[in-house]
Amino acid sequence: MTLTDPRAYGHSFSETYDAWYSTVTDAEATARFVAKRCPTRTVLELGVGTGRLATALIDQGLQVVGLDASPDMLRRCPGTVHRVTADMSRPPLRPGLDATALCGFNTLFNLASEQSQQLLFRQIRPLATVLILETMDLGAPDPAATTESQVGIKQPMEGGVIVTATSQDHSRQTVVGRHLEISDAGVVARPWILRWTTVEQLDAMAGAAGFDLSERFSSWQESDTAGNDPAGNDPAGDDPVVAISVYR
Ligand SMILES: C[S@@+](CC[C@H](N)C(=O)[O-])C[C@H]1O[C@@H](n2cnc3c(N)ncnc32)[C@H](O)[C@@H]1O
């Protein structure tokens, strides 16, 4: 399977996703935030995965239609979610769903080209009155930068270690990475790709599809307002800076 196949992320991570990422972002705070912006009580979650966020949304009394391209991820998602196996940039849904669409935890960046991200905005517009995105701010691409490769220790694991090897290409705004689980039994490679966008690029793609930016925060806590410059909110912090964008 190629890395740009929409099923590739699930192929790499479905086995380990819940163990590694169950607390990666605050699911309850996400659900409270979305519930306040969901007049029809129907959420369309793009890249629902194993249902980490969807379960918290359902606990808020919302109905969730969960799209995911990966049968491996969806198999692990509870049946209380209305699960649809599909590429989120080509949702097989009729216009007029009037949902609040949510694409959390950087999942937009799983679409590895500008064209596929633009397509997602255009395809979601007829289905959603509100679109909420959570994206990490990886900074503006540097046209002078060459491809940068890095290796790091992600975490120790029993009987071994997980190493990450990444290559960042500024001209394409992509990062190709591998999580390598190294133990005496051998090496398991979990490859992934992301295409990052700046908030200005997000706003431009959203605008071209007929969405206007209505709110922006730097966390799911609404007191953390970000204006148009989320990077400015955490000048000393080591945590990745996040933008929560609400389009209507
Ligand atoms: C980082 S996980 C997030 C899962 C879940 N939203 C959460 O926050 O725990 C990204 C999910 O997006 C799915 N995905 C990746 N590319 C996709 C695509 N083109 N269409 C639909 N789903 C996709 C993956 O299979 C995976 O389940």
Side-chain angles (χ1 to χ4, degrees), residues 1-34 43-60 62 64-78 80-93 99-124 127-128 131-136 138 154 164 166 174-177 179 190-197 205 219-220 240 242-244:
M1 189 178 295
T2 63
L3 262 188
T4 52
D5 186 308
R7 297 166 301 173
Y9 182 95
H11 191 67
S12 288
F13 288 103
S14 61
E15 280 174 2
T16 56
Y17 191 86
D18 288 338
W20 288 6
Y21 297 118
S22 62
T23 57
V24 68
T25 62
D26 186 339
E28 280 69 37
T30 307
R32 285 194 299 274
F33 183 101
V34 173
V43 178
L44 173 60
E45 192 186 342
L46 308 170
V48 69
T50 61
R52 184 180 70 89
L53 300 174
T55 308
L57 292 163
I58 290 168
D59 287 347
Q60 290 288 323
L62 304 171
V64 181
V65 178
L67 280 187
D68 206 287
S70 165
D72 296 331
M73 295 294 275
L74 276 186
R75 247 195 306 279
R76 293 165 163 88
C77 183
T80 45
V81 178
H82 181 77
R83 292 160 294 177
V84 180
T85 310
D87 183 336
M88 61 190 168
S89 63
R90 298 173 191 280
L93 302 170
T100 291
L102 168 68
C103 196
F105 181 32
N106 255 351
T107 298
L108 177 75
F109 293 178
N110 283 144
L111 296 172
S113 69
E114 184 179 11
Q115 291 76 7
S116 57
Q117 293 182 357
Q118 285 168 338
L119 184 61
L120 175 133
F121 282 101
R122 287 202 303 275
Q123 293 283 314
I124 297 306
L127 302 171
L131 169 62
I132 302 175
L133 299 180
E134 177 184 27
T135 52
M136 214 189 275
L138 296 182
K154 180 173 163 54
T164 56
T166 57
T174 55
V175 183
V176 173
H179 288 27
R190 302 190 187 279
W192 50 269
I193 185 169
L194 65 79
R195 180 194 184 263
W196 85 91
T197 44
M205 286 192 285
S219 87
W220 294 108
V242 164
I244 311 293

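Just follow the structure's listing: the first ligand is 1, and inside any ligand the first atom is 1. Quantities reported herein were computed from a predicted structural model and do not represent experimental measurements.
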Next on the checklist: Please report whether ligand 1 has a polar contact with Tyr9, defined as an N or O pair separated by less than 3.5 Å (distance criterion only).
Outcome noted: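 It does not: no N or O of Tyr9 is found under 3.5 Å from an N or O of ligand 1.
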
For [atom], find the nearest protein heavy atom and state the residue, atom name and distance (0.1 Å precision).
| atom | answer |
| --- | --- |
| atom 24 (C) of ligand 1 | Asp68 OD1, 3.5 Å |
| atom 4 (C) of ligand 1 | Gly47 O, 3.4 Å |
| atom 22 (N) of ligand 1 | Ala69 N, 3.1 Å |
| atom 12 (O) of ligand 1 | Thr107 CG2, 3.4 Å |
| atom 19 (N) of ligand 1 | Asp87 OD1, 3.1 Å |
| atom 10 (C) of ligand 1 | Asn110 OD1, 3.3 Å |
| atom 20 (N) of ligand 1 | Met88 N, 2.8 Å |
| atom 8 (O) of ligand 1 | Arg52 NH2, 2.9 Å |

Output the distance between atom [atom1] ([X]) and atom [atom2] ([Y]), rounded to the nearest 0.5 Å.
| X | Y | atom1 | atom2 | value |
| --- | --- | --- | --- | --- |
| Asp26 | Glu134 | CG | CD | 9.5 Å |
| Leu111 | Phe121 | CG | CZ | 9.5 Å |
| Ser14 | Arg75 | OG | CZ | 7.5 Å |
| Gln60 | Thr30 | CD | OG1 | 10.5 Å |
| Asn110 | Leu194 | CG | CG | 7.5 Å |

Checklist entry - Under a heavy-atom criterion of less than 4.0 Å, does Glu45 contact ligand 1? => result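 It does, in that a heavy atom of Glu45 comes within the 4.0 Å cut-off of ligand 1.
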
Next on the checklist: Between ligand 1 and Ser116, can you find any atom pair, the residue atom being a heavy atom, that is separated by under 4.0 Å?
Outcome noted: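 No, Ser116 has no heavy atom closer than 4.0 Å to ligand 1.
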
Under 4.0 Å from any heavy atom of [X], which atoms of ligand 1 are there?
| X | result |
| --- | --- |
| Ala86 | 20 (N), 21 (C) |
| Leu111 | 19 (N) |
| Ser70 | 25 (O) |

Item to check | Neighbour count above 12 (heavy atom, 6.0 Å) for Arg7 CZ | outcome: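 Count not over threshold, so no.
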
Next on the checklist: Parallel, tilted or perpendicular, judged at 30° and 60°: which one describes the rings of Trp20 and His179?
Outcome noted: parallel

Item to check | Option whose closest heavy atom lies nearest to atom 9 (O) of ligand 1, chosen from Trp192, Tyr17, Phe105 | outcome: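 Looking at heavy atoms only, Tyr17 sits closest to atom 9 (O) of ligand 1.
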
Next on the checklist: Please work out, at 4.0 Å between heavy atoms, whether the side chain, the backbone, both, or neither of Thr50 comes within that distance of ligand 1.
Outcome noted: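 Neither; nothing of Thr50 gets under 4.0 Å from ligand 1.
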
Next on the checklist: Could you check whether Asp68 and Ser70, counting side-chain N and O atoms only, form a donor-acceptor pair closer than 3.5 Å?
Outcome noted: no

Item to check | Tyr17/Phe13 aromatic ring centres below 6.0 Å | outcome: no

Next on the checklist: Would you say that Val176 contacts Pro191 through its side chain, given a criterion of any heavy-atom pair below 4.5 Å between the two side chains?
Outcome noted: no

